[in-house]
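The structure under discussion appears below in the form of structure tokens.
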Amino acid sequence: MRYWLMKSEPDEFSITDLENRDQQTEGWDGVRNYQARNFMRDDMSVGDKALFYHSNTKVPGVVGIATVSREGYPDGTAFDPQDPHYDPKSDPDKPRWYRVDVTFERQLDRVIPLAEIKDRADELEGLPLVRKGNRLSVMPVDKAHYDFILGLEHAGQ
DNA sequence: GCCAACGTTGGC
DNA sequence: GCCAACGTTGGC
């Protein structure tokens with residue numbers, strides 16, 4: 001089993017939105033970055049765990065956990081001219097973009113802020129999130145790092 | 001709202 | 001294949 005971190009802007013799609021979806025499941029569509037796409041298309045498996053991260057918000061950070069519930073398949077939003085993520089260069093016969101489905105597992109008892117994660121950069125060496133200028137929206141997380149971040153949830157503040 | 005960092009595009 | 005211009009991400 002692998003571990004991931006997936007970013008979403010809560011104004012667009014939050015952990016609570018996922019919790020309230022039918023089957024508490026949603027397709028992770030709209031990703032238009034090749035590196036992130038490759039992870040979803042090639043490396044994610046059903047049962048993998050993902051840290052759900054809120055970006056572009058007052059307190060960016062990890063807010064919950066989701067489980068991968070369907071492996072990579074074509075992102076249909078790329079074929080829909082009405083969709084904000086429409087990409088005319090993605091051909092249904094040869095799709096350019098992929099998504100996975102994720103299912104809600106739980107919300108954390110508190111947000112683990114990016115600032116706090118950065119404070120622990122020594123323990124999180126190699127985590128793309130703490131690298132300067134990182135813009136990757138889907139990234140792999142070592143199991144040790146995954147456990148460490150979740151260990152902060154109830155750490156004395 | 002600002003702007004640094006980064007990815008993509010397209011001219012040459 | 002280089003690289004300047006441009007658009008986007010995302011923290012602050």
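Chain letters run A, B, ... following the sequence lines, proteins first, then strands; residues in each count from 1. All heavy atoms count here, side chains included; hydrogens, waters and symmetry mates do not.
In this structure, A:R70 is positioned above the aromatic face of A:Y73, its NZ or CZ under 6.0 Å from the six-membered ring centre and within 45° of the axis.
Residue contacts shown for A:K58 are absent, as no nucleic acid heavy atom lies under 4.0 Å away.
Remark: aromatic rings of A:Y53 and A:W4 are distant, center separation not under 6.0 Å. The distance between the ring centers of A:F52 and A:W28 falls below 6.0 angstrom.
Linking ILVMFWY side-chain heavy atoms closer than 4.5 Å, directly or via other members, places A:M6 and A:V59 in a single hydrophobic cluster.
Across the protein-nucleic acid pair, A:N33 atom CG and C:dG10 atom P stand 9 Å apart, rounded to whole Å. Taking atom CD of residue A:E12 and atom P of nucleotide C:dG10, one finds them 12 Å apart after rounding to whole Å. When rounded to the nearest whole Å, the span between CG of A:N56 and C1' of C:dT8 equals 11 Å. Whole-Å rounding puts the A:I117 CD1 to C:dC12 P distance at 11 Å. One interatomic measurement links the two molecules: NE2 of A:H85 to C1' of C:dT9, which rounds to 13 Å at whole-angstrom precision. Atom pair A:H54:NE2 and C:dC12:P shows a separation of 17 Å (rounding to whole Å applied). Residue A:Q35 contributes atom CD, which lies 14 Å from atom C1' of C:dT9 at whole-angstrom precision. The distance from atom CZ of A:R131 to atom P of C:dG10 is 15 Å, rounded to the nearest whole Å.
Between C:dG10, C:dG11, B:dT8, one nucleotide has an atom nearer to the side chain of A:K7 than all others, and that is C:dG10. Closest to the side chain of A:K89, from the set C:dG10, B:dT9, C:dG11, is B:dT9. For A:L114, counting side-chain heavy atoms from C-beta on, the closest listed nucleotide (C:dC12, B:dG7, B:dA5) is C:dC12.
Between C:dC12 and A:K132, no contact under 4.0 Å exists linking OP1 or OP2 to a side-chain N or O. Taking side-chain N and O atoms only, A:Y53 has a distance below 4.0 Å to OP1 or OP2 of C:dG11.
Counting heavy atoms of neighbouring residues, nucleotides and ligands inside a 6.0 Å radius, atom CD of A:E125 does not exceed 12 of them.
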